[in-house]
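A short write-up of the structure that comes next.
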Amino acid sequence: MSAQSERNEGPDLTQGVAAEAIREGQILEGQVDGETVILARKGEEIFAVSGTCTHYSGPLAKGLVVGETVRCPWHHACFSLRTGEALGAPAFDPIQCWNIEQRDGKVFITGKAGKAPVPVTTAEAAAHPESIVIIGGGAAGFAAAEMLRRHNYAGKLTVLSSDDDAPYDRPNLSKDFLAGEAPAEWIPLRSKRFYEKRDIDLQLGATVERIDPAARTVTLADGTSLPFERLLIATGAEPVRLPIPGADGDNVFTLRSWADSRAIIERAQASKVAVVIGASFIGLETAAALRTRGLEVHVVAPEALPLEKVLGPELGKFIRALHEDKGVTFHLENTVESIGKDAVRLKDGTELKADLVVTGVGVKPRISLARDAGLAIGSGIKVDAFLESSVQGIFAAGDLAEWQSGPDAEPRRVEHWVVAERQGQVAALNMLGAKQPFTDTPFFWSAHYDTSIRYVGYAKGWDSVEVDGDIKAGDAALRYKVKGRTAAVATLGRDLEALRAGEELKNA
């Protein structure tokens with residue numbers, strides 16, 4: 001993804017713009033020596049920062065200003081207008097701040113500002129724990145480790161990952177990378193040098209066998225015992241395996257890890273026909289990627305419409321039509337009974353040729369370590385507003401964390417990338433004594449060919465769906481109502497509206 005085509009718009013800010021043209025809550029876009037710069041106002045103060053998101057180069061000029069922050073319209077990364085710091089994932093690198101000068105009723109850019117120091121958390125640095133262990137090298141685990149070091153945590157920091165690859169950009173595995181449109185260099189979140197420079201002991205292929213809350217130790221499969229003063233469990237979720245004949249065949253794959261994505265690509269190169277089992281987000285994104293590679297693709301799912309349970313019938317019909325226009329064949333209200341070496345058999349007796357089979361029928365949280373350690377368990381590991389478990393000093397974040405957004409709210413566990421990253425960031429600050437509640441509105445995006453869906457909020461069910469705009473034209477917002485209240489919003493082609501909805505739901 002790139003915002004290059006949208007850059008270099010607006011006036012040359014070194015020549016000045018009228019101060020009155022910079023209005024509260026709005027963004028004024030300009031450029032300095034070919035670089036996009038945006039101006040925003042908070043009261044009498046005016047800020048100037050880079051107009052390009054450091055995540056996927058999204059155009060911040062089309063984003064949303066909230067207080068002293070700016071939010072990216074693509075994946076909702078949040079930056080400080082005052083310091084440039086990336087306050088909210090999926091961005092981790094800061095944006096450039098620029099110096100300004102006001103004279104004669106105009107605002108001039110005078111050059112780049114120096115990097116502002118990141119403040120230490122509210123707790124005294126001397127009171128920081130001597131050792132922190134993070135179990136899991138996914139979204140939450142990486143984000144926590146990065147935030148700990150960013151906020152000057154100087155103690156021993158160990159990340160234990162069962163994966164053989166260093167933390168990577170998992171959403172891309174079913175999107176551009178699987179489609180062959182993103183190089184492998186895009187996938188790692190950071191280089192090996194990043195962990196070395198920050199003294200993060202990243203242990204790959206590390207299997208944790210036991211957590212002992214009383215002794216404050218973590219024991220690995222090889223017998224190694226690691227002490228901790230604070231612990232973050234961020235082991236995520238694992239794919240559900242189908243209990244049908246042939247599900248363990250050499251032509252059958254799940255898609256969760258980078259290794260999984262590479263294996264599917266290798267098989268796809270020698271395949272002509274693929275069957276995707278499950279019309280989940282992962283299943284449909286995989287179907288789109290394999291069609292992009294030129295394979296014949298069939299999707300088998302028990303639902304009447306793809307994603308109807310999550311997005312409703314209106315978007316379900318749109319998504320089905322979108323995939324069918326690209327050549328995907330759906331076998332809905334049907335299931336797979338068995339998988340052979342070169343075909344799958346459906347419940348209705350249909351046989352589909354299949355050189356490659358990908359199952360995307362959901363995931364389940366990895367909570368056995370926490371359960372065996374005596375932590376309170378619901379649909380996942382139960383945590384409080386600060387993401388701390390029932391055992392003091394042990395936190396949980398990501399796909400396995402069950403939390404409540406308020407005292408009267410329904411407990412929720414959300415399996416979304418940005419939620420996991422932001423929970424990891426908040427958990428990190430709280431392990432340092434910040435006492436910061438997790439209040440972010442859940443958000444995810446899903447890409448289907450050239451169409452992206454943005455979803456904010458949380459709605460396991462709804463009483464009605466209000467549609468504004470034209471879904472077929474890719475210009476619409478859908479509001480999912482529960483007892484007259486908007487619980488979630490999905491948008492097509494309305495990125496700014498999705499950002500605003502996230503703020504509305506956060507404050508609801």
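Reckoned from all heavy atoms, side chains included, excluding hydrogens, waters and symmetry mates. Worth saying up front: this structure is predicted, and the values here are computed from it rather than measured.
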Original post:
What's the verdict on salt bridge (charged side-chain N to carboxylate O under 4.0 Å, His left out) for Asp165 and Arg262, showing C-alpha distance, side-chain angles and the deciding distance?
Top reply: CA-CA 12 Å; Asp165 291 301; Arg262 294 194 296 260; 3.1 Å; yes
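- Smallest separation of non-hydrogen atoms from Tyr480 and Val465: CD2-CG2, 3.7 Å.
- Note on Arg413 versus Asp399: no salt bridge recorded, every NZ/NE/NH1/NH2 to OD/OE distance being 4.0 Å or above.
- Classification of Glu410 and Lys460 as a salt-bridged pair holds, one side-chain N sitting under 4.0 Å from a carboxylate O.
- Listed by chain and number, the residues in a salt bridge (Lys or Arg N to Asp or Glu O under 4.0 Å) with Arg149 amount to none (sequence neighbours excluded).
- At a threshold of 4.0 Å, the pair Asp463-Lys481 does not count as salt-bridged, since none of the basic side-chain nitrogens sits closer than that to a carboxylate oxygen.
- Within the structure, ring-ring contact (aromatic ring centres under 6.0 Å, His included) pairs that include any residue of residues 410-436 comprise His416-Phe444 (at least two apart or interchain).
- In the displayed structure, Gln392 atom CD is contacted under 6.0 Å by at most 12 heavy atoms of other residues, nucleotides or ligands.
- For the pair Thr83 (side chain) and Ser80 (backbone), a donor-acceptor distance under 3.5 Å is absent.
- A salt bridge does not link Arg500 with Glu504: none of the charged nitrogens is closer than 4.0 Å to a carboxylate oxygen.
- A side-chain N or O of Ser379 and one of Glu402 form a donor-acceptor pair less than 3.5 Å apart.
- In terms of heavy-atom proximity, Leu496 sits nearest to Lys62 at CD1-O, 4.0 Å.
- Ring geometry for Phe443 versus His76: interplanar angle under 30°, hence parallel rather than tilted (30 to 60°).
- Under a 3.5 Å cut-off, the side chain of Ser389 and the backbone N or O of Ile394 do form a donor-acceptor pair.
- Rounded to the nearest 0.5 angstrom, Ile282 CD1 and Ser174 OG are separated by 4.0 Å.
- Screening Asp201, Leu204, Leu226 for a side chain to side chain contact (heavy atoms under 4.5 Å, CB included) involving Leu160 leaves a single residue, Leu226.
- A donor-acceptor pair is defined here as one N or O able to donate and one able to accept, closer than 3.5 Å; such a pair exists between the side chain of Arg41 and the backbone of Gly43.
- Nearest heavy atoms, Ala477 versus Thr491: CB-CG2, 4.1 Å.
- For the residue pair Asn172/Tyr56, the side-chain donor-acceptor check at 3.5 Å is satisfied.
- For Tyr153, there are no ring pair (Phe, Tyr, Trp, His ring centres under 6.0 Å) partners, not counting sequence neighbours.
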Please report, to 0.1 Å, the donor-acceptor pairs under 3.5 Å made by any side chain of residues 131-140, with sequence neighbours excluded.
residue: Ser131; atom: OG; partner: Glu229; partner atom: N; Å: 3.2

Original post:
For Ile27 and Val70, what are the C-alpha separation, side-chain angles and deciding distance, and is it a side chain to side chain contact (heavy atoms under 4.5 Å, CB included)?
Top reply: CA-CA 9 Å; Ile27 297 172; Val70 62; 4.1 Å; yes
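- Pro59 and Trp74 get closest at one heavy-atom pair: CD-CE2, 3.5 Å.
- Across every non-hydrogen atom of Leu315 and Ala490, the tightest pair is CD1-CB, 3.9 Å.
- Expressed to the nearest 0.5 Å, how far CD1 of Ile200 lies from CG of Leu157 amounts to 5.5 Å.
- Side chains of Ser390 and Lys382: no donor on one and acceptor on the other come within 3.5 Å.
- Residues Ser50 and Glu35 bring no donor and acceptor atom of their side chains to less than 3.5 Å of each other.
- Scored by the salt bridge (Lys or Arg N to Asp or Glu O under 4.0 Å) test, Arg412 finds no partners at all (sequence neighbours excluded).
- Checked for salt-bridge contact, Arg150 and Glu85 meet the test: a charged N lies under 4.0 Å from a carboxylate O.
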Enumerate, atom names and distances included, each donor-acceptor pair closer than 3.5 Å involving a side-chain atom of residues 230-240, sequence neighbours excluded.
residue: Thr235; atom: OG1; partner: Arg366; partner atom: O; Å: 3.0

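- The backbone N or O of Ala488 sits nowhere less than 3.5 Å from a side-chain atom of Arg479 that would complete a donor-acceptor pair.
- Checked against a 6.0 Å centroid threshold, the rings of Trp445 and Tyr455 do not count as neighbours.
- Exactly one of Leu178, Ile264, Ile187, Asp260 qualifies for a side chain to side chain contact (heavy atoms under 4.5 Å, CB included) with Leu173. That residue is Ile187.
- Atom CG of Asp222 is surrounded by more than 12 heavy atoms from other residues, nucleotides or ligands within 6.0 Å.
- Although no hydrogens or angles enter the test, the distance criterion places no donor-acceptor pair under 3.5 Å between the side chain of Glu68 and the main chain of Arg82.
- Proximity of a side-chain donor or acceptor of Asp212 to a complementary backbone N or O of Thr217 within less than 3.5 Å is not detected.
- With rounding to the nearest 0.5 angstrom, the CD atom of Glu29 is 9.5 Å from the CG atom of Leu13.
- Ring-plane geometry between Phe142 and Phe194 is classed as tilted, the angle between the planes lying from 30 to 60 degrees on a 0 to 90 degree scale.
- In this structure, Leu255 and Ser261 have side chains that are in contact, with non-hydrogen atoms separated by less than 4.5 Å.
- Minimum interatomic distance between Glu503 and Leu64 (heavy atoms only, all atoms of both residues): CG-CD2, 4.0 Å.
- In the displayed structure, Lys364 atom NZ is contacted under 6.0 Å by at most 12 heavy atoms of other residues, nucleotides or ligands.
- Side-chain contact annotation: Tyr168 with Asp163, donor-acceptor N/O pair under 3.5 Å present.
- Within a 6.0 Å sphere centred on CD of Glu130, heavy atoms belonging to other residues, nucleotides or ligands number 12 at most.
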